[in-house]
Amino acid sequence: MTDTSEQNQVLIFDTTLRDGEQSPGATMSHEEKLEIAALLDEMGVDIIEAGFPIASDGDFEAVSQIAAQSKHSVICGLARASTNDIDRCWEAVKHAAKPRIHTFIGTSPLHRDITALTQDEMIAKIQTTVSHARNLCGDVQWSPMDATRTEHDYLCRVVETAIKAGATTINIPDTVGYTAPRESAELIRMLLERVPGADEIIFATHCHNDLGMATANALAAVEAGARQIECTINGLGERAGNTALEEVVMALKVRNDIMPYQTGIDTTKIMHLSRRVSQVSGFPVQFNKAVVGKNAFLHESGIHQDGVLKNVQTFEIMRPEDIGLFAKNIALGKHSGRAALRAKLAELGFELGDNQLKDVFVRFKALADRKKEVYDEDLVALVASSAGTGGDDHLKVSKLRVVCGTEGPQEAELTLEIDGTPATIDATGGGPVDAVFNAIKMLYPHGAKLDLYQVQAVTEGTDAQATVSVRLTLDGRVYSGQSADIDTVVASAKAYVNALNRLHAGQGRTSNAALMQSAGES
């Protein structure tokens, strides 16, 4: 980079809406994408990779609208090493105040075999496509996919070619999460030392978490000279996911003594974004997830509790309020009003519109009548459940009665509304949930396979809400649903129906993954 005053500035490149959405079952609606993009922009993310414009008309429209609505962030679209991809990408991002084209090609021996290109033929293709992108857009990012398994001599050669063709950012992806931190740092140092013009551009790092080292690899690359980190909210992404935005940002903030790098991220927005992405993607955040997990600021050990009460720094290296967790402890119960609920939700990072607040308030009152104490986690689950149930849902659980016990068969009497028309049926099964799922399938026949059924207690106690996650697959595509209720069987029915609503809405769309099959992920 030429401006030495910016040597300690690390750019945050968020690819939740592209690589994150490629995680099986994490497909987001058009409105959800616009919402997440607006939140990322407000948070201070430097670059938002809004999607893969040639993947589908829906993705193109989402990227275009995100580009038009963005106030601060660079808006980036992904394109393969193809002039058609690049042209389509430019048409989508050109409406942004600060547009970027991100194009890539697989450079490792494995990927060269797939494309059937010789080294020289690939060099020519890189020259042509990067030059084409630069003629359209002044900000071009290029990635040698599977860079960490590419021969060093050839990697230097392709990076030099991309720089000469006009790339302003060179991203070095650890596409399969194979690298260790020492290797990640050495690779960046090697490129900076050996490639002509490397000091004139920005190096980026894109790390996958297959071996659990994505964040460590990203930070090691930064220490070696990379100045852009590609990441996603909650580490969402292909296979085991990506570098998590919340992890790298808080690591840089907490350990500024040994990593004196700056970002423009408003960390108080982190928890709200984490929860919202979890809701719209249908991927729950694991309890012990770094920074944003439910247990990240909880202490059960007596020694820990005593220490935290005397001085919170004895066992906590960051403050909850730094990521947007505030504990004013508004007591909520069946006598609480809508204003108190709105205030508490605002503390938890949720700013709801009047219609959604009305829906959550009705659910809250029903929960408070059935539950002794309503915890913060219960409210988060209520918001998630409300977000997953739109007024235009194709299917809706209207009434459910289940008979179960030691004497079978288990029975379920279910009424579903299908486009507003109620239909009722009785079904049996090997258990109450099995009976309910059989009833749903009888009322709404489909060929999807149930790949995941997961139940998690939101809080402790026998009256705890259960959050149920369901994942269905059909024709290679994945559809996820989630719901919460004190009655686990009711939550199960609603989660299954939410997944079917996503299936109904998503049929006929072209998946990003389908386009990536011949090239892998960036």
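Numbers for residues simply follow the sequence, beginning at 1. Note that the coordinates shown come from a computational prediction; the quantities given were computed from them, not determined experimentally.
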Can you confirm whether [X] is buried at [atom1], in the sense that more than 12 heavy atoms of other residues, nucleotides or ligands lie under 6.0 Å from that atom?
X    : atom1 : result
D475 : CG    : no
Y154 : OH    : yes
D266 : CG    : yes

Hey, does the side chain of [X] reach the backbone of [Y] with a donor-acceptor pair shorter than 3.5 angstrom?
X    : Y    : result
S23  : A26  : no
S483 : K494 : no
H446 : A448 : yes
S64  : F60  : yes
R100 : G77  : no
T267 : I323 : no
N234 : S274 : yes
E121 : T118 : yes
T129 : K125 : yes
D146 : G106 : no

Would you name the heavy atoms of [X] and [Y] that are closest together and state the gap between them?
X    : Y    : value
T27  : R502 : O-NH1, 2.8 Å
R319 : F297 : C-CE2, 4.0 Å
D19  : H206 : OD2-NE2, 3.1 Å
S278 : F283 : OG-O, 2.8 Å
L219 : A251 : CD1-CB, 3.8 Å
D139 : P99  : CB-O, 3.4 Å

Please lay out, stage by stage, how T179 and L187 fare under the test side chain to side chain contact (heavy atoms under 4.5 Å, CB included). CA-CA 10 Å; T179 303; L187 194 59; over 6 Å; no

Validation row: [X], [Y] side chains within 4.5 angstrom (heavy atoms):
X    : Y    : result
T83  : I86  : no
T103 : D85  : no
E21  : T16  : no
L452 : V470 : no
V478 : R471 : yes
T15  : F13  : yes
L40  : I233 : yes
F104 : P144 : no

Would you say [Y] and [X] are linked by a side-chain donor-acceptor pair, where the criterion is simply a distance under 3.5 Å?
X    : Y    : value
H72  : D46  : no
Q65  : H30  : yes
T150 : T107 : yes
R18  : Q22  : yes
Q9   : Q262 : no
E230 : Q141 : yes
N84  : S82  : no
N217 : S184 : no
T175 : H208 : no
S469 : Q482 : yes

Ion pair [X]/[Y], N-O distance below 4.0 Å:
X    : Y    : value
K396 : D419 : no
E246 : K289 : yes
E160 : R194 : no
R149 : D174 : no
D120 : R157 : yes

When you look at S131 and Q127, which way does the side-chain hydrogen bond (donor to acceptor under 3.5 Å, both in side chains) test go after all the steps? CA-CA 6 Å; S131 295; Q127 169 66 40; 2.9 Å; yes

Separation between [atom1] of [X] and [atom2] of [Y], rounded to the nearest 0.5 Å:
X    : Y    : atom1 : atom2 : answer
D322 : I270 : CG    : CD1   : 9.0 Å
I36  : I48  : CD1   : CD1   : 10.5 Å
I172 : M190 : CD1   : CE    : 8.5 Å
C156 : E151 : SG    : CD    : 11.5 Å
D59  : L78  : CG    : CG    : 10.0 Å
I170 : T205 : CD1   : OG1   : 13.5 Å

I would like to know whether L472 and K449 meet side chain to side chain contact (heavy atoms under 4.5 Å, CB included); could you show each step before the answer? CA-CA 5 Å; L472 306 174; K449 177 187 175 185; over 6 Å; no

Evaluation steps, side chain to side chain contact (heavy atoms under 4.5 Å, CB included), between R134 and T168: CA-CA 9 Å; R134 184 58 190 266; T168 50; 3.6 Å; yes

Test ring pair (Phe, Tyr, Trp, His ring centres under 6.0 Å) applied to Y444 and H394, step by step: CA-CA 11 Å; Y444 186 75; H394 179 55; 5.5 Å; yes

